[in-house]
Each structure stands twice: as structure tokens, then as C-alpha cells.
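Take a look at the structure set out below.
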Amino acid sequence: MLKPAICNHLTSLTEIRTAREYVCEECIKTGDSWVHLRTCQTCGTTLCCDSSPNKHATKHFLASEHPVVISSEPGERWLWCFVDEQMVGY
């Protein structure tokens with residue numbers, strides 16, 4: 001079985017933006033909690049994942065069309081493309 005080609009959103013990245021702080025920037029504003037964090041590779045915003053009640057990372061993608069996030073969890077090194085639903089390690 002052939003592996004699908006990695007999408008252009010992932011292959012075009014030239015640097016990895018990491019979280020400035022280990023917090024969801026939107027949950028902090030409202031006093032909510034989160035499960036895991038993701039950092040947008042277009043603007044560097046760190047937001048909560050879909051396992052979190054507010055799903056801010058997905059909401060950010062839908063509003064901004066910024067396609068790629070990384071896991072901001074310690075020890076995890078992967079990227080996710082919302083558009084093409086692809087994950088790759090780095």
C-alpha cells in the first residue's frame with residue numbers, strides 16, 4: 001500500500017513556532033481550563049485542542065484558515081494540517 005504524499009501546507013513550513021507560554025490564550029481570558037495545547041504555525045497563537053471543552057485551536061482554524069498546528073505538549077513532536085487532515089512528526 002502506498003503512503004499518501006505529504007500535503008503542501010506541511011512541506012512548505014521552514015520553521016517550527018513553539019508556544020511562548022504553556023496556556024490556552026483564549027481559555028485564560030475566560031477562566032476556563034484545557035486538556036492539551038496546539039500552536040498555530042502561521043501566527044504562533046497557542047490554543048486548546050478538540051479534547052478540551054472550548055476547542056479553541058479548531059475555532060481559530062475555521063476563523064483564520066491558518067492550516068497547520070503543532071502539539072505543544074512536552075515530548076510530543078508532530079504537526080497537524082486541518083485542511084488535508086494529515087499528521088507528520090518532526
Side-chain angles (χ1 to χ4, degrees):
M1 190 166 174
L2 296 174
K3 283 185 171 182
I6 297 172
C7 72
N8 290 337
H9 300 110
L10 295 170
T11 59
S12 65
L13 292 176
T14 58
E15 67 178 281
I16 300 294
R17 295 173 181 254
T18 57
R20 292 181 289 271
E21 291 185 76
Y22 191 71
V23 298
C24 173
E25 296 178 21
E26 292 300 316
C27 286
I28 287 293
K29 293 176 185 176
T30 57
D32 290 328
S33 61
W34 56 87
V35 177
H36 298 292
L37 297 171
R38 309 293 180 240
T39 300
C40 176
Q41 294 303 289
T42 302
C43 67
T45 302
T46 298
L47 300 164
C48 59
C49 71
D50 283 357
S51 295
S52 301
N54 293 306
K55 303 178 183 184
H56 284 124
T58 295
K59 289 177 181 176
H60 176 74
F61 160 67
L62 294 172
S64 67
E65 297 184 1
H66 294 169
V68 178
V69 294
I70 64 163
S71 171
S72 295
E73 295 302 306
E76 293 186 0
R77 295 178 54 87
W78 53 263
L79 299 119
W80 170 256
C81 176
F82 284 104
V83 174
D84 298 301
E85 297 185 344
Q86 287 188 335
M87 179 186 288
V88 296
Y90 68 91

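Since the structure is predicted, the reported quantities are computational estimates derived from the model, not experimental observations.
- Between the side chain of Arg17 and the backbone N or O of Gln41, at least one donor-acceptor pair lies under 3.5 Å.
- Interatomic distance, Glu25 CD to Cys40 SG, rounded to the nearest 0.5 Å: 10.0 Å.
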>> If you apply the rule side-chain contact (heavy atoms from CB on, under 4.5 Å), what do you find for Leu13 with Tyr90, and how did you get there?
In response: CA-CA 11 Å; Leu13 292 176; Tyr90 68 91; over 6 Å; no
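- In the hydrophobic clustering of ILVMFWY residues, with side-chain heavy atoms under 4.5 Å counting as a link, Leu79 and Val83 come out apart.
- Taken to the nearest 0.5 Å, the SG atom of Cys43 stands 5.0 Å off from the NE2 atom of His66.
- Within 6.0 Å of CG in Asp50 there are more than 12 heavy atoms belonging to other residues, nucleotides or ligands.
- For the atom pair OG of Ser72 and CZ of Arg20, the computed distance is 10.5 Å after rounding to the nearest 0.5 Å.
- The backbone N or O of Trp80 sits nowhere less than 3.5 Å from a side-chain atom of Gln86 that would complete a donor-acceptor pair.
- Cys24 SG to Lys29 NZ: the interatomic distance, rounded to the nearest 0.5 Å, is 9.0 Å.
- The heavy-atom pair separating Ser51 from Val35 by the smallest distance is O-CG2, 3.4 Å.
- In the hydrophobic clustering of ILVMFWY residues, with side-chain heavy atoms under 4.5 Å counting as a link, Ile6 and Ile16 come out together.
- Grouping the Ile, Leu, Val, Met, Phe, Trp and Tyr side chains by contacts below 4.5 angstrom, directly or via other members, places Leu10 apart from Val69.
- The backbone N or O of Thr46 lies less than 3.5 Å from no partner atom in the side chain of Thr39, so there is not a single donor-acceptor pair.
- With rounding to the nearest 0.5 Å, the separation of CH2 in Trp78 from CD in Glu73 is 8.5 Å.
- Between the side chain of Glu76 and the backbone N or O of Ser71, no donor-acceptor pair lies under 3.5 Å.
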> What do the steps show when you test Leu62 against Phe82 for side-chain contact (heavy atoms from CB on, under 4.5 Å), and what is the final call?
Replying inline: CA-CA 9 Å; Leu62 294 172; Phe82 284 104; over 6 Å; no
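- Closest of all the heavy-atom pairs between Trp34 and Cys27 is CE3-CB, 3.6 Å.
- The two residues His56 and Leu47 have their closest heavy-atom pair at O-CD1, 3.6 Å.
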> Would His9 and Asp84 satisfy side-chain contact (heavy atoms from CB on, under 4.5 Å), going step by step from the backbone distance to the final call?
Replying inline: CA-CA 8 Å; His9 300 110; Asp84 298 301; 2.9 Å; yes
